[in-house]
Amino acid sequence: MTIDLAPEPFVADLAQRTAAFVRDVVLPLEARDGVVAPTPERRRELQDAARAAGVFAPHVSAEYGGHGLDMRGRATVFEEAGYALLGPLALNIAAPDEGNMHMLEIVATDEQKERYLRPLATGEIRSCFAMTEPAPGAGSDPRALLTRAERIDGGWRINGRKWFITGADGAGFTICMARTSGEPGVATGGATMFLVDADNPGMKIIRHIETLDETLFGGHCELVFDNCEVPDSAVLGEVDEGFRYAQVRLGPARMTHCMRWLGIAKHARDIAVRRANEREMFGSRLVELGMIQQMIADNEIDIAASRGLINQACWELDQGRSGAQSTAIAKTFCAEAIYRVVDRSLQICGALGVSGDVPLSRFLREVRPFRIYDGPSETHRWAIARRVARHAATSGAGR
């Protein structure tokens, strides 16, 4: 059987044009203005430039102005976009909007797609996904969901508190996960997704949460739903099926996070290799010293292994499989490997690495939370091990 890992020609072309756009437009802008909390005006400027370059919205279907890439195609293009911290924002593939678009294309009604997906895909509005709650509510264990929605005449009333809701400030709408049946910590179902417009008086942003990372547009916010009333048309999918729909979003979203951060790992690697080739110490260039060579080699191994695991998981998702095990493995490995690459690159650069003259210290702050976001590494390892044990028990492996 022939195995060809090369991207299709149109994907390779789009990736090449994306790399050029990031190099010629996004990186100079980051160098000039910085990347902390870009303004709405800067976001529009970047997205207009991406649109003009023909690289905007590679993930959504042509019906909504995109290129319609499958998951494997996205892996190639998103990695190039992720070479700059603001590259994903420019292409409209940043979290949480990218994951929300993916889910809306699959789950939303035609009316909901026109009202929410189309303006989101074109960059006219942004969105957020409100599932995580303060303890003892839903976090790594979604069954702990405390926010409740109860039926009222013609719709639903939502009450609860959410936190770490990325992009909430300035979002045009929120996809809110609320319990509609069952008890927290017990029921494996009973959640429903609701589309809540930003101007709904029952939904309020309480605060911005100060975090290690700073690049994600709209911050990480705490929200309160206080007698938040929505009509029946606000239900996304079917009542009580929210956890099932979340899997439509979360597996692919974990992979697109890996793709984007892999771009940053490559950028960090490139900075370190340039420095190692230029810097002379102890009568040799750094690149000629064995310990530096080991770090450079380990970076290449981590990048290549991450790319391979991403492609394997994306292939499974493109085949219509759940990809639960492969996405968990890829997410866990990539989150840790990408951090290692950035950390080694900073170490190779020495004092320069911790300075503001290169972005490595910023990269380190941005990628460190990835080992927690989208499920901590420990939660994924627990789930991976459970699947292995379950398979062994049912197949008789090892007997």
Side-chain angles (χ1 to χ4, degrees), residues 71 74-75 78 82 88 94-100 102-103 128-147 162-168 175-177 179 184-185 187-189 191 193 209 211-213 216 220-222 242-262 264-265 302 305-306 309-310 312-314 316-317 321-340 365-390:
M71 291 300 296
R74 294 176 204 185
F78 282 30
D97 290 334
E98 175 270 328
N100 288 344
H102 178 84
M103 185 170 65
C128 62
F129 185 73
M131 183 171 72
T132 305
E133 300 170 336
S140 297
D141 184 359
R143 295 176 304 173
L145 184 68
L146 293 175
T147 299
K162 303 287 186 178
W163 86 318
F164 248 89
I165 308 308
T166 303
I175 300 175
C176 175
M177 182 85 83
R179 182 169 294 284
T188 56
M193 291 186 182
I209 300 167
T211 60
L212 192 65
D213 58 325
L216 290 170
H220 303 291
C221 298
E222 186 166 356
F243 287 141
R244 180 165 64 88
Y245 297 134
Q247 297 311 309
V248 171
R249 182 188 189 279
L250 293 177
R254 288 177 182 130
M255 291 305 93
T256 53
H257 265 311
C258 292
M259 301 167 194
R260 292 184 293 255
W261 288 129
L262 187 57
I264 284 298
D302 274 337
S306 295
L309 289 171
I310 291 168
Q312 168 67 27
C314 287
E316 291 187 23
L317 293 171
R321 305 181 188 181
S322 75
Q325 188 78 330
S326 61
T327 58
I329 290 171
K331 194 277 177 184
T332 304
F333 183 87
C334 290
E336 297 177 359
I338 288 165
Y339 181 85
R340 290 194 296 265
R365 295 195 303 273
E366 295 296 326
V367 303
R368 177 56 181 87
F370 187 32
R371 286 157 57 189
I372 296 172
Y373 297 166
D374 280 341
S377 296
E378 294 74 18
T379 299
H380 286 297
R381 284 190 167 91
W382 171 73
I384 291 165
R386 285 182 66 199
R387 293 187 194 101
V388 171
R390 189 184 309 123

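Here the structure is a predicted model, which is why all the values come from computation and not from measurement.
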- prompt: Under the side chain to side chain contact (heavy atoms under 4.5 Å, CB included) criterion, do Leu250 and Met131 qualify, and how do the steps go?
  reply: CA-CA 11 Å; Leu250 293 177; Met131 183 171 72; 4.3 Å; yes

- request: Evaluate the side chain to side chain contact (heavy atoms under 4.5 Å, CB included) criterion for residues Leu146 and Arg179: first the C-alpha distance (whole Å), next the side-chain angles of each, then the deciding distance (0.1 Å), finally the verdict.
  value: CA-CA 7 Å; Leu146 293 175; Arg179 182 169 294 284; over 6 Å; no

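- Under the 3.5 Å distance criterion, the side-chain polar atoms of Arg321 are left unmatched by any main-chain donor or acceptor of Glu316.
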- prompt: Checking side chain to side chain contact (heavy atoms under 4.5 Å, CB included) for the pair Phe164/Thr211: CA distance, chi angles, key distance, verdict?
  reply: CA-CA 10 Å; Phe164 248 89; Thr211 60; 3.6 Å; yes

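- Residues Met255 and Ala313 share a closest heavy-atom pair of SD-CB, 3.6 Å.
- Closest heavy-atom contact between His102 and Pro252: NE2-CG, 3.5 Å.
- Between the side chain of Thr327 and the backbone N or O of Gly323 there is at least one donor-acceptor pair closer than 3.5 Å.
- To the nearest 0.5 Å, atoms CE (Met177) and CG (Leu145) are separated by 7.0 Å.
- Within the model, atoms OG1 of Thr166 and NE2 of His220 stand 4.5 Å from one another, a figure rounded to the nearest 0.5 Å.
- When all heavy atoms are compared, the tightest approach of Gly139 to Thr132 is CA-CG2, 4.4 Å.
- Distance check: Glu133 CD to Glu222 CD gives 11.0 Å after rounding to the nearest 0.5 Å.
- Atoms CZ and CD1, on Phe78 and Ile310 in that order, are 11.5 Å from each other to the nearest 0.5 Å.
- Residue Asp374 is tested with His257, Lys331, Arg254 for a side-chain hydrogen bond (donor to acceptor under 3.5 Å, both in side chains); the sole match is His257.
- Considering every non-hydrogen atom in both Ala330 and Cys258, the closest pair reads O-SG, 4.0 Å.
- In this model, no donor atom of one side chain and acceptor atom of the other lie less than 3.5 Å apart for Ser322 and Gln247.
- Closest of all the heavy-atom pairs between Phe333 and Ser306 is CE2-OG, 3.6 Å.
- Between Arg368 and Asp213, every side-chain heavy-atom pair lies at or beyond the 4.5 Å cut-off.
- Rounded to the nearest 0.5 Å, atoms CZ (Arg249) and CE (Met193) are 8.0 Å apart.
- Annotation for Ser140 and Pro376: closest pair OG-CD, 3.0 Å, computed over non-hydrogen atoms.
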task: Before giving the answer on side chain to side chain contact (heavy atoms under 4.5 Å, CB included), spell out for Gln312 and Leu309 the whole-Å C-alpha distance, their side-chain angles and the decisive distance to 0.1 Å.
output: CA-CA 5 Å; Gln312 168 67 27; Leu309 289 171; 5.5 Å; no

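- With values rounded to the nearest 0.5 angstrom, Arg371 atom CZ is found 11.5 Å from Ile338 atom CD1.
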